[in-house]
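Proteins come first, then strands; the chains are lettered A, B, ... in the order of their sequence lines, and each starts at number 1.
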Number of protein chains: 2
Amino acid sequence: MRISELSRRSGVPTATIKFYLREGLMPPGRATSATQAEYDESHLRRLRLVRALIGARGLSVSAAKEIVGSLSEVEGDTYELLGLVFGVWPGAGGGTDTGAGQGAKADGDADSSANAGQDAEVDALIAELGWDVTEFSPARKTVTRTLNTLRGLGIAYDWRALLPYARLAERTAALDLDQIEGPEDPLEKAERAVQLTFLLEPALLALRRLAQESEAAARYRGPSDRP
Amino acid sequence: MRISELSRRSGVPTATIKFYLREGLMPPGRATSATQAEYDESHLRRLRLVRALIGARGLSVSAAKEIVGSLSEVEGDTYELLGLVFGVWPGAGGGTDTGAGQGAKADGDADSSANAGQDAEVDALIAELGWDVTEFSPARKTVTRTLNTLRGLGIAYDWRALLPYARLAERTAALDLDQIEGPEDPLEKAERAVQLTFLLEPALLALRRLAQESEAAARYRGPSDRP
DNA sequence: CTAGTTAGAGAGTGGCGCTATCCATATTAG
DNA sequence: CTAATATGGATAGCGCCACTCTCTAACTAG
């Protein structure tokens with residue numbers, strides 16, 4: 001199909017598709033001449049995925065590029081492939097503030113790009129859980145940052161408070177992995193993993209919110225509020 | 001204290017503090033004259049909270065405003081207060097795409113601002129769980145939208161697939177509520193609820209990612225990959 | 001008195017996600 | 001075969017957002 005049909009079938013303007021092609025969010029079509037290219041169903045699927053990541057999940061274009069990029073680097077077996085997918089962190093490299101307050105003692109540490117053992121708390125948490133993760137996972141830094149942020153707000157919070165959450169995350173992850181058991185093809189598995197990992201996130205947070213509301217009703221609702 | 005000290009103690013430029021004041025993210029200081037105002041510790045705490053919501057959590061200024069606004073509307077008891085906090089949804093009103101594809105049958109429904117019974121799937125889910133939530137919770141629409149997005153990608157997905165996730169969300173929410181048991185004052189409870197609800201979100205997603213990685217290693221790692 | 005600070009308001013800035021325009025070539029309707 | 005339309009590629013522009021700068025008039029510390 002040509003670009004106009006791709007546009008019609010996806011609901012995305014051609015100008016935007018061209019933009020995504022330029023940005024590398026989609027592979028170029030098969031060129032049939034200097035000013036003509038042919039697209040197929042895989043382009044349509046990719047386009048819909050990109051739109052879902054950017055629109056529904058709210059990722060930035062560059063984050064979406066990283067994610068779909070991991071899908072294109074497929075070479076190894078299922079484990080490597082999933083490692084690639086799960087290792088992508090949307091906003092990696094964007095540490096905003098560490099909670100700078102009154103104690104302005106900036107220690108100039110040896111800022112290596114890989115984790116060199118700072119994140120000590122996360123290391124302890126992971127060790128306690130017995131998890132098997134690489135030291136390069138960007139998600140480590142996210143946990144560290146959250147802990148620092150909470151403490152910057154004056155809350156006494158250490159990794160132990162996250163332990164029960166982590167146990168539930170473990171079971172959530174098991175559910176996720178169950179759902180990619182279906183396809184045999186590693187590539188399909190990876191695509192399914194991307195969809196479930198990223199697109200389910202808003203729903204999981206929404207479910208937490210609804211559950212909080214329900215739990216608050218159970219704990220704090222006075223008799224006068226009952227219907 | 002005056003604005004410069006507020007700036008020094010928080011690390012936020014005065015221009016930005018003025019901007020937040022203009023946008024209503026912080027209450028104005030107590031004016032001592034036409035060009036002078038006095039701020040106190042509560043302003044500092046609010047400022048740090050706003051920064052954490054915008055910086056660490058990545059919320060927009062208007063979303064942050066809604067959230068801290070819920071803290072200011074405090075009048076009722078703990079239940080009402082928590083209902084206010086848990087009822088806020090960061091990006092409410094921003095439904096991006098519903099997964100428009102080939103089947104372009106736009107039914108012009110009576111778009112009422114409150115939920116008028118569409119979200120049937122979420123209703124079923126909530127009923128099955130026995131949750132006690134109002135029909136106005138914006139989180140409902142988020143779940144509906146996620147379901148639609150996944151189906152728009154060609155995945156067969158209905159509310160039943162979310163059931164086990166919801167059960168885990170229930171337990172996560174119980175952990176959240178446990179942690180706001182501390183303070184007696186409803187206002188402090190509410191502030192703690194905001195902190196835990198919103199600032200923990202990135203960490204919870206990061207823990208899921210780490211757990212996925214670990215679970216994938218357990219399930220798919222071949223013998224050759226072992227250290 | 002003077003130098004510095006402050007509240008308040010408006011304009012300006014840089015980044016981002018598109019969107020519009022242009023041009024040389026291709027395709028296609030008649 | 002010609003003319004209208006579509007395409008790929010490139011560049012420039014637009015609208016929004018989160019600040020950031022500038023300015024004025026009033027205050028305050030020394």
> Identify the heavy atoms of A:Leu205 and B:Trp89 that sit nearest to each other, and give their distance.
C-CH2, 3.9 Å

> So B:Ser60, base contact, sugar-phosphate only, or nothing? Heavy-atom distance under 4.0 Å.
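Sugar-phosphate contact only.
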
> Closest approach to the side chain of A:Arg2, judged atom by atom: which nucleotide of D:dC21, D:dT7, D:dC27 is it?
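The closest nucleotide is D:dT7.
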
> Give me the residues of residues 16-30 of chain A where at least one heavy atom lies under 4.0 Å from an atom of DNA chain C, by number, or none.
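A:Thr16, A:Phe19, A:Tyr20, A:Arg22, in order of number.
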
> What are the bounds, 5' to 3', of the part of DNA chain C that sits under 4.0 Å from heavy atoms of chain A?
C:dG17 to C:dT28

> Does the ring of B:Phe198 carry A:Arg208 above it, NZ/CZ under 6.0 angstrom from centre and within 45° of its axis?
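Not satisfied by the 6.0 Å and 45° rule.
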
> Keeping A:Glu23 on the side-chain end and A:Lys65 on the backbone end, is there a donor-acceptor pair under 3.5 Å?
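Absent.
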
> Given 3.5 Å as the limit, does a donor-acceptor pair link the side chain of B:Ser70 with the main chain of B:Ile67, or not?
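Yes; at least one donor-acceptor contact below 3.5 Å.
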
> Grab the CG-P distance between B:Leu47 and D:dA18 for me, whole Å please.
16 Å

> Nearest whole Å is fine: how far is D:dT20 C1' from B:Ile3 CD1?
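That distance rounds to 13 Å.
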
> Which comes earlier along DNA chain C counting from the 5' end, the contact point of A:Thr32 or that of A:Pro13, where each point is its nearest nucleotide?
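Its nearest nucleotide being more 5', the pick is A:Pro13.
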
> Can you see which heavy atom on B:Lys189 is nearest to which on B:Leu82, and at what distance?
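It is O-CD2, 4.5 Å.
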
> Given 3.5 Å as the limit, does a donor-acceptor pair link the side chain of B:Thr16 with the main chain of B:Val12, or not?
no

> Without hydrogens or angle criteria, can the side chains of A:Tyr157 and B:Gln179 be said to hold a donor-acceptor pair below 3.5 Å?
yes

> Contact class for A:Ser62 (heavy atom, under 4.0 Å): base, sugar-phosphate, or nothing?
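No contact.
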
> Contact class for B:Ala37 vs. all strands (heavy atom < 4.0 Å): base, sugar-phosphate, or nothing?
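Here B:Ala37 touches the backbone only, sparing every base.
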
> Checking the side chain of B:His43 only, and the main-chain atoms of B:Pro27 only, is there a donor and an acceptor separated by less than 3.5 Å?
yes

> If the test is side chain to side chain contact (heavy atoms under 4.5 Å, CB included), which one of A:Asn148, A:Thr146, A:Thr142, A:Leu147 qualifies with A:Thr144?
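One option only clears the test, and that one is A:Asn148.
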
> Would you mind reading off the distance between B:Leu59 atom CG and D:dC19 atom C1', rounded to a whole angstrom?
17 Å

